[in-house]
Amino acid sequence: MMTEFNTFTQQVGDALPILEQMGYEVTTFKVTWALPPKARLRLKSNGNTDIQKVNAIAAKSTGGGVLVSALITSAATAKRIQNTMRLGAAYLDVDFAVPPRVSMKFVSAKANERDEAIRDTDELEIACK
């Protein structure tokens, strides 16, 4: 399992320079050591990247494995949605589990910084005594 987890993190590391060219940045990377290990990567997109540039980058980036391909395709799709609907920030949450999962979230272009801090129940850590 650790080999698979290491492969996932290596593939994401390989995809990060491409994702940065597409206008994404890593906001968090959370790892939970368990059996099986889990990790969540959150990428945030700004709305300033030219959609044609994003499409060209995605078209050139065909190698790198299934996860890299899924990340780049999801990133390009999120950019298209963001551009078409004139939304503010786009977030990609990548869950390294079996199977891996990529989810997209969007924030209104009119949202202030407090609103941009998207929270869902997966991100809340609750301690019970």
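Taking CG from L16 and CG from L41, the interatomic distance works out to 6.5 Å, rounded to the nearest 0.5 Å. Rounding to the nearest 0.5 angstrom, the gap separating the CD1 atom in I51 from the NZ atom in K53 is 12.0 Å. From I72, atom CD1 reaches atom NZ of K60 across 11.5 Å, with rounding to the nearest 0.5 Å.
Residues N55 and R80 have side chains in contact (heavy-atom distance under 4.5 Å, counting atoms from C-beta outward). For the pair D93/R40, a side-chain contact is recorded, criterion being any heavy-atom separation below 4.5 Å from C-beta on.
Using a distance-only test at 3.5 Å, with no hydrogens or angles considered, no donor-acceptor pair links the side chain of E25 to the main chain of S45.
Checking R42, K30, R101 one by one against D95, the salt bridge (Lys or Arg N to Asp or Glu O under 4.0 Å) holds for a single residue, R101. A side-chain contact (heavy atoms from CB on, under 4.5 Å) with L43 is found for exactly one of Y24, Y91, F29, namely Y24.
Scanning both residues, A76 and M22, for their nearest heavy atoms gives N-CE, 3.6 Å. Taking each heavy atom of A89 and K44 in turn, the nearest pair found is CB-CE, 3.8 Å. Closest approach of V68 to A15, counting heavy atoms only: CG1-CB, 4.0 Å.
Here M104 pairs with S74, T77, A78, I81, L92, F106 under the side-chain contact (heavy atoms from CB on, under 4.5 Å) rule; sequence neighbours left out.
Side chains of Q10 and D14: a donor-acceptor N/O pair is present below 3.5 angstrom, by distance only.
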